[in-house]
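Take a look at the structure below.
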Amino acid sequence: MFDLSGRVALVTGGNGGIGLGFARGLARNGAAVMVAGRDPAKNAAAVTALEELGATAASVEVDVTDQESLKAMVARCVEVLGRLDILVNNAGTNIRRPPEQVTLQDWHTVLNTNLTSAMFAAQAAHPYLKAGGVGRVINNGSMLSIFGMPLHAAYASSKGAVVQLTKSLATAWAKDGITVNCVLPGWIDTDLTRGARRDIPGLDDNVRARAPAGRWGTPEDFEGIAAFYASDAAAYITGTSIAVDGGYSIQG
């Protein structure tokens, strides 16, 4: 039921952090994986890590804020690995400022990276996902689609919109045999959140105290949700968003 043998996955931002966690989960269950990222050295290291799991893996450089680059990314995946069954829209960024200090460039940078890229990567992937008959789109959202924080106006807006994009694509593409679902990460120990710990006094203590799990998440915590959403076990599940946050978002 969870076997992904013969299927091909493309993971944006898959060369580190949560993205590599997604990629590892898909690879462990038999999928061939194309890692897409800006940094060729990180891409190569991620490919090596996936190959050490016994998976077929490759990489492609991409600028997710450029529509033509996204089209080229998808075409390269199909050229190298033969097909495309699973798209993981994971690439993201954040600029932490009080909303009264957010610039127009800040706003566009965050929304183009987190939201617009997901839309147009999915659009580019659509014909291949449809043709394969088992199409899956997995979008990376955030627990900040559930509640707000003072330094995250652009980020929270982009991730709330990712949840709604997920629902829209799910309703549009169900007829094509494609499911579209969303993952809502909580506080995960990555390069991005290490910056938040520097910027937000007391954040580390707050996360450990508030999350019922009593710890920060790790990229490995995303291996299972990726494999589940991509598999036949989730064939009748679409338009959903599942929090992977150790229970942080359920606490008052």
Side-chain angles (χ1 to χ4, degrees), residues 11-22 36-39 42 62-70 73 87-124 137-170 180-204 206-207 210-211 216-217 219 222 239 241-245 248-249:
V11 184
T12 68
N15 58 12
I18 292 172
L20 185 55
F22 285 137
R38 291 178 298 179
D39 185 331
K42 286 185 66 177
V62 65
D63 175 359
V64 297
T65 66
D66 181 87
Q67 187 176 7
E68 294 306 312
S69 185
L70 291 170
M73 171 191 73
L87 171 67
V88 182
N89 283 312
N90 167 75
T93 193
N94 189 13
I95 298 174
R96 286 178 291 276
R97 301 188 200 280
E100 66 272 20
Q101 296 177 13
V102 171
T103 68
L104 185 61
Q105 184 58 54
D106 293 338
W107 184 265
H108 285 309
T109 295
V110 173
L111 266 72
N112 287 344
T113 304
N114 297 354
L115 173 63
T116 307
S117 71
M119 168 62 197
F120 288 101
Q123 184 185 82
V137 178
I138 303 170
N139 293 325
N140 194 11
S142 171
M143 64 180 177
L144 290 186
S145 65
I146 301 172
F147 57 84
M149 292 187 69
L151 301 181
H152 297 73
Y155 184 81
S157 297
S158 72
K159 293 302 189 176
V162 166
V163 171
Q164 293 306 114
L165 175 64
T166 297
K167 295 175 183 178
S168 294
L169 296 181
V180 187
N181 290 290
C182 190
V183 179
L184 307 179
W187 288 110
I188 312 303
D189 186 16
T190 66
D191 290 341
L192 196 62
T193 59
R194 287 176 200 130
R197 271 180 275 185
R198 290 193 301 269
D199 296 344
I200 305 173
L203 176 61
D204 185 64
N206 173 277
V207 170
R210 176 170 169 170
W216 287 68
F222 292 84
S241 297
I242 293 180
V244 181
D245 64 355
Y248 188 95
S249 62

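Just so it is clear, the structure is predicted and the values come from calculations on it, not from any experiment.
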* To do: Check Ser157 against Trp107 and note the closest heavy-atom contact, atom names and distance.
  => OG-CH2, 3.6 Å
* Give the minimum heavy-atom separation between Cys182 and Val163, together with the two atoms involved. => SG-CG2, 4.3 Å
* Lys/Arg-Asp/Glu bridge criterion (N-O < 4.0 Å) met for Asp63, Arg38 -> no
* To do: State whether the side chain of Asn90 and the backbone N or O of Thr12 hold a donor-acceptor pair below 3.5 Å, judged by distance alone.
  => yes
* Asked: Side chain of Lys42, backbone of Gly14: donor and acceptor closer than 3.5 Å?
  -> no
* Asked: At what distance, to the nearest 0.5 angstrom, does NZ of Lys167 lie from OG of Ser241?
  -> 6.5 Å
* To do: Could you give me the CA-CA distance, side-chain angles and deciding distance for Val162 and Ser145, then say whether side-chain contact (heavy atoms from CB on, under 4.5 Å) is met?
  => CA-CA 9 Å; Val162 166; Ser145 65; over 6 Å; no
* Separation between CE of Met149 and CD1 of Ile200, rounded to the nearest 0.5 Å -> 4.5 Å
* Asked: CH2/Trp216 to CG/Leu203 distance, rounded to the nearest 0.5 angstrom?
  -> 4.0 Å
* Asked: Looking only at atom types and distance, does a side-chain atom of Asn181 sit under 3.5 Å from a main-chain N or O of Gly239, one as donor and one as acceptor?
  -> yes
* So, do Ser158 and Leu111 sit near enough that their side-chain heavy atoms are less than 4.5 Å apart? -> yes
* Hey, is the main chain of Ile188 close enough, under 3.5 Å, to the side chain of Thr193 for a donor-acceptor pair? -> yes
* Under the side-chain contact (heavy atoms from CB on, under 4.5 Å) test, residues paired with Thr116 that sit two or more places apart -> Asn112, Phe120
* Check: Asp245 and Leu184 side chains under 4.5 Å, non-hydrogen atoms -> no
* Does NZ or CZ of Arg210 come closer than 6.0 Å to the centre of the six-membered ring of Trp187, within 45° of the ring's axis? -> no
* What pair of heavy atoms forms the shortest contact from Ser142 to Tyr155, and how long is it? -> OG-CE2, 3.6 Å
* Between Leu104 and His108, does a side-chain contact (heavy atoms from CB on, under 4.5 Å) hold up when you go through it step by step? -> CA-CA 6 Å; Leu104 185 61; His108 285 309; 3.4 Å; yes
* Check: Asn114 side chain, Thr93 main-chain N or O, donor-acceptor pair, under 3.5 Å -> yes
* Does Pro98 have any side-chain contact (heavy atoms from CB on, under 4.5 Å) partners at least two apart in sequence or in another chain, and if so, which? -> Glu100, Gln101, Leu151
* Asked: With distance as the sole criterion, is a donor-acceptor pair present between the side chains of Thr109 and Gln105 under 3.5 Å?
  -> yes
* Structure fact -> Between Pro99 and Pro150, the two heavy atoms sitting closest are CD-O, 3.3 Å
* Apply side-chain contact (heavy atoms from CB on, under 4.5 Å) to Asn140 and Val88, showing your working. => CA-CA 8 Å; Asn140 194 11; Val88 182; 5.8 Å; no
* Structure fact -> d(Lys159 NZ, Ile146 CD1) to nearest 0.5 Å is 13.0 Å
* Which atom pair, heavy atoms only, marks the closest approach of Pro219 to Gly17? -> CB-O, 3.2 Å
* CG on Asn89 to OG1 on Thr166, rounded to 0.5 Å -> 8.5 Å
* Asked: Do you know the tightest heavy-atom contact between Val62 and Ala36?
  -> CG1-CB, 3.8 Å
* Begin from the C-alpha positions of Val183 and Ile138 and carry the test side-chain contact (heavy atoms from CB on, under 4.5 Å) through to its verdict. => CA-CA 7 Å; Val183 179; Ile138 303 170; 4.0 Å; yes
